[in-house]
Amino acid sequence: MEIKTKALLIPSLLLLLANCMQHCVNGQQQKVPCFFVFGDSLSDNGNNNNLRTAAKCNYNPYGVDFQEGPSGRFTNGKNLVDFLAQFLGFEKFIPPFANTSGSDILKGVNYASGAAGILSETGKRLGENIHLEQQLKNHRAIYLEIAKELGDFKKADFKKAKEYLNQCLYYVNIGSNDYINNFFLPQQYPSSRIYTLERYTNLLINKLSQNIQELHERGARKVVVAGMGLIGCTPQAISTRGTDGNCVAEFNNASFLFNNKLDAKLNALKKEYTDSELIFINSTSASLDQFGFTVLNAPCCPTRDDGQCVVDGTPCPDRTQYLFFDGFHITALVHRLIAIATYDQIKPLIHH
């Protein structure tokens, strides 16, 4: 997200939305049998609600524009994976792992958790979260349940389950908390004293790569991995670490480094896994300021010291003018725009 002010170009937004409505409509046939989500607060849809943590948002004004009210989504309405699920033809939102009892796990599960990172200690200063390795453990449990439902639980190779999961879409978006809620907090985490930024980023990418390989072992063949957005351009970063209202260059450099290394690692994995399709989404390339947002570096809701909305705080009246809902998290309209761009890139995975 390049944050600059430009003249309002509302027509291009309307054109993009109109174009999407031809392809991204509800009630269409499902493009994939199931959709699995791994990540942090950008994708969380309720997994943190019952955890002992400050990183939860099941209270007003979150969900002010969501049909179910505050649900555990870190925005005012639907999030990116909700929009993707709709574009993919799912009638219902993919359920959070925390609420899977009784839901149709054959359609997929959302494992994402606010404040979570690739490293287990990331974000724990805020309380509990479900880090990526634990999300993978939760997926193993679901994998066994799917094997049971498909009737091959007693077979060693889980052939039916794997064949089924080969057709599913996997979305992974994680990493920013490993910087925001770890590396760049030297008073609370030792990471920046132990590692250079380069070595730390290598550690993250290698660990993330191992997690993607584990998904492959359990049948994942269509995997979308999103890079980090510009973490130095959040209202929280600008207000606490920026100068003269500018983005924090040190933070953004971490985003670029992470994305470059992730892209290279995924290219290497593509060569290794010739049976798979891996797509990298470059989250720093989208210039969202062209869509008529007038407020680019301030939150829509009144925020606490940690950047989240104050409980029952009154949000801005026009959410379509704001890039950010709170100090860290984008508004639902921005989620939708990124989802449209993402859907455009993942078409090769779903049209065969």
Side-chain angles (χ1 to χ4, degrees), residues 1-26 31 35 37 39-45 62-67 73-90 93-94 112 169 171-173 176 224-231 233-235 247 252 255 259 279-301 315-316 318-347 349-350:
M1 285 180 275
E2 191 187 349
I3 312 288
K4 288 182 193 155
T5 315
K6 284 185 189 166
L8 302 192
L9 294 176
I10 295 292
S12 58
L13 169 58
L14 296 175
L15 187 67
L16 185 54
L17 291 176
N19 183 41
C20 181
M21 292 327 289
Q22 293 172 10
H23 312 287
C24 320
V25 286
N26 252 347
K31 302 272 197 302
F35 182 29
V37 177
D40 54 26
S41 54
L42 287 173
S43 309
D44 189 353
N45 63 352
Y62 291 105
V64 63
D65 301 307
F66 189 63
Q67 60 211 46
R73 288 163 170 83
F74 288 76
T75 185
N76 54 301
K78 289 183 272 205
N79 66 21
L80 189 147
V81 292
D82 294 327
F83 286 115
L84 280 180
Q86 286 187 318
F87 299 165
L88 290 163
F90 288 89
F93 298 124
I94 302 301
L169 185 68
Y171 178 82
V172 182
N173 185 356
S176 56
V224 177
V225 186
M228 275 165 51
L230 293 178
I231 58 172
C233 293
T234 65
C247 298
N252 284 348
S255 296
N259 288 351
I279 289 182
F280 170 67
I281 305 290
N282 187 348
S283 304
T284 58
S285 65
S287 180
L288 294 168
D289 53 318
Q290 66 181 299
F291 294 119
F293 299 107
T294 53
V295 187
L296 306 173
N297 56 9
C300 165
C301 70
C316 58
D318 187 357
R319 267 79 71 183
T320 64
Q321 295 299 307
Y322 281 70
L323 207 52
F324 289 92
F325 188 64
D326 65 11
F328 286 112
H329 304 103
I330 50 179
T331 54
L333 178 55
V334 185
H335 273 287
R336 183 175 187 176
L337 292 169
I338 297 172
I340 291 168
T342 300
Y343 184 73
D344 216 42
Q345 284 186 259
I346 65 175
K347 279 180 184 167
L349 300 189
I350 55 179

How long is the span from the [atom1] atom in [X] to the [atom2] atom in [Y], to the nearest 0.5 Å?
| X | Y | atom1 | atom2 | result |
| --- | --- | --- | --- | --- |
| Leu230 | Ser176 | CG | OG | 11.5 Å |
| Leu88 | Leu84 | CG | CG | 6.0 Å |
| Leu296 | Gln321 | CG | CD | 10.0 Å |
| Asn173 | Leu80 | CG | CG | 7.5 Å |

Task: Verdict with reasoning, Thr294 to Tyr322, per side-chain contact (heavy atoms from CB on, under 4.5 Å) - done: CA-CA 6 Å; Thr294 53; Tyr322 281 70; 6.0 Å; no
Kindly say whether [Y] contributes a backbone atom to a donor-acceptor pair with the side chain of [X] at under 3.5 angstrom?
| X | Y | answer |
| --- | --- | --- |
| Thr75 | Ala332 | yes |
| Asn76 | Val64 | no |
| Ser41 | Phe74 | no |
| Thr342 | Ile338 | yes |
| His335 | Asn79 | no |
| Asn282 | Gly227 | no |

- [ ] Tell me whether the guanidinium CZ or amine NZ of Arg73 lies under 6.0 angstrom from the six-membered ring centre of Phe93 and within 45° of its axis.
- [x]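 Relative to the ring axis of Phe93, which defines the angle, Arg73 lies inside both limits.
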TODO: Could you give me the CA-CA distance, side-chain angles and deciding distance for Val224 and Ile281, then say whether side-chain contact (heavy atoms from CB on, under 4.5 Å) is met?
DONE: CA-CA 7 Å; Val224 177; Ile281 305 290; 3.6 Å; yes
- [ ] Mind telling me whether Phe35 and Tyr171 have parallel, tilted or perpendicular rings, with 30° and 60° as the class edges?
- [x]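 Aromatic pair Tyr171/Phe35 classed perpendicular.
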Open item on the list: A side-chain contact here means heavy atoms from C-beta on lying under 4.5 Å apart; do Phe324 and Val334 qualify?
Closed with: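 With C-beta onward as the side chain, the pair stays apart.
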TODO: State, yes or no, whether a side-chain contact exists between Leu333 and Arg319 at a heavy-atom distance under 4.5 Å.
DONE: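 The answer is no; the side chains never approach within 4.5 Å.
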Task: Residue pair Ile330, Leu42: steps toward the side-chain contact (heavy atoms from CB on, under 4.5 Å) verdict - done: CA-CA 8 Å; Ile330 50 179; Leu42 287 173; 4.3 Å; yes
Open item on the list: Hydrogens and angles aside, do Gln86 and Lys78 bring a side-chain donor and acceptor to less than 3.5 Å of each other?
Closed with: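 Yes, Lys78 and Gln86 have a side-chain donor paired with an acceptor closer than 3.5 Å.
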Open item on the list: Please tell me whether Phe325 and Tyr62 form a close aromatic pair, meaning their ring centres lie under 6.0 Å apart.
Closed with: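 Here the rings of Tyr62 and Phe325 have centres that are less than 6.0 Å from each other.
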TODO: Could you check Val81 against Asn45 for side-chain contact (heavy atoms from CB on, under 4.5 Å), going step by step and ending with a plain yes or no?
DONE: CA-CA 9 Å; Val81 292; Asn45 63 352; 5.6 Å; no
TODO: For Gly327 and Pro299, work out which heavy atoms get closest and say how close.
DONE: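 It is N-CB, 4.0 Å.
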- [ ] Would you tell me whether Cys301 and Cys316 have their SG atoms within less than 2.5 Å of each other?
- [x]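 Not so, these two cysteines form no disulfide.
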